[in-house]
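Note that the structure is predicted; figures quoted are calculated from it, not measured.
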Amino acid sequence: MAAPATARREFDDDGRLDAAVLGHLERLRAGDRAAMADILALVRPHLIRYVRYRMSSLGTAYEDVAQEACLALVKAVPTYRWDGKPFLAFVYGIAGHKVADAFRARGRDRADLVADPLETADTEAGPEQSALDAELRALAGSLIATLPAAQREILRLRVMAGMSAGETAAAVGSTPGAVRVAQHRALTALRRRLLAARADHA
């Protein structure tokens, strides 16, 4: 079943991916086994980036979880039916379940899977620069914490994970346009709060 052109355009940069996947699905259902490898080749980089991002706060290797997610995807693809959402939403749903399983296995709360994107320290910085960096990270973390949860997640997916607006939309169940609006609002709010914090500090 082909996705309507209008629906594909709604998800802009993922429209081409959806069209390609749907074409490979038709081949798969016609008995072409190589089509599964073609589908996996298309979406595997997206899946791995998503799993790596989600696993970052666990402090453990993401490769095993990504492999499990790929295997689960291969099993699930034959039952996939296009429902108007981008195929990456289907992929991220499967990957999200595997990440949740990994967190449960480690006895961790899944409520906040991602560390603050500014927590990484510069190992080459001197003591004074390290102190300044730590202060900046603390300030940035406190400002980001004031944002609504949905905006925090969108910023982390876009900035930390490097996902496109379409990929982020698929991951959070939105549209690229709504993701861009939320990102703009979040950054505007952060700038405003940063200026206010600097004024208070002065």
So which heavy atom on [X] is nearest to which on [Y], and how close?
X	Y	result
K98	A72	CE-CB, 3.7 Å
V51	A66	CG1-N, 3.8 Å
P78	R81	O-NH1, 3.7 Å
P176	A169	N-CB, 3.5 Å

| task | Could you list all the salt bridge (charged side-chain N to carboxylate O under 4.0 Å, His left out) pairs where at least one residue sits in residues 30-41, not counting sequence neighbours? | result |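 Residue pairs passing salt bridge (charged side-chain N to carboxylate O under 4.0 Å, His left out), neighbours aside: R27-D32, R27-D38.
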| request: Output every pair passing salt bridge (charged side-chain N to carboxylate O under 4.0 Å, His left out) with a member in residues 142-152, not counting sequence neighbours, ordered by first then second residue. | output: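 Counting only pairs at least two positions apart or across chains, no salt bridge (charged side-chain N to carboxylate O under 4.0 Å, His left out) contact touches residues 142-152.
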Considering residues at least two apart in sequence or located in another chain, which fulfil the side-chain contact (heavy atoms from CB on, under 4.5 Å) criterion with [X]?
X	answer
A178	S174, T175
A189	L147, R192, R193
L42	A20, V21, H24
R191	L187, T188

| said: E68: which residues meet the side-chain hydrogen bond (donor to acceptor under 3.5 Å, both in side chains) condition with it, sequence neighbours left out? | reply: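 With sequence neighbours excluded, E68 shows a side-chain hydrogen bond (donor to acceptor under 3.5 Å, both in side chains) to no residue whatsoever.
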Quick one: [atom1] on [X] to [atom2] on [Y], what's the gap to the nearest 0.5 Å?
X	Y	atom1	atom2	answer
L47	C70	CG	SG	4.5 Å
I154	H184	CD1	NE2	13.5 Å
Q67	I48	CD	CD1	8.5 Å
M55	E63	CE	CD	9.5 Å
L25	D18	CG	CG	10.5 Å
L22	F87	CG	CZ	8.5 Å

Please examine the side chains of [Y] and [X], heavy atoms only from C-beta on, and report whether any two atoms are closer than 4.5 Å.
X	Y	value
L17	P86	no
V99	Y62	no
R156	Y53	yes
E153	V172	yes

| Which is it for L190 and L155 under the side chain to side chain contact (heavy atoms under 4.5 Å, CB included) test, yes or no, and what are the steps along the way? | CA-CA 11 Å; L190 287 177; L155 275 186; 3.7 Å; yes
| request: May I ask whether L40 and L71 are part of the same hydrophobic cluster, defined by side-chain heavy atoms of I, L, V, M, F, W, Y residues being less than 4.5 angstrom apart, directly or through others? | output: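 Hydrophobic grouping puts L40 apart from L71.
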| query | Can you list the residues that meet the salt bridge (Lys or Arg N to Asp or Glu O under 4.0 Å) rule with R49, with sequence neighbours excluded? | reply |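 Expected list: E167.
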| Partner set under salt bridge (Lys or Arg N to Asp or Glu O under 4.0 Å) for R185, not counting sequence neighbours |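 So R185 forms no salt bridge (Lys or Arg N to Asp or Glu O under 4.0 Å) with any residue.
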| message | Just to verify, which of V43, V77, I39 counts as forming a side chain to side chain contact (heavy atoms under 4.5 Å, CB included) with V91? | response |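 That would be V43; it is the only one of V43, V77, I39 passing the side chain to side chain contact (heavy atoms under 4.5 Å, CB included) with V91.
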| Taking only residues two or more places apart in sequence, or in another chain, which ones meet Y92 in a ring-ring contact (aromatic ring centres under 6.0 Å, His included)? |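 Applying ring-ring contact (aromatic ring centres under 6.0 Å, His included) to Y92 gives Y50.
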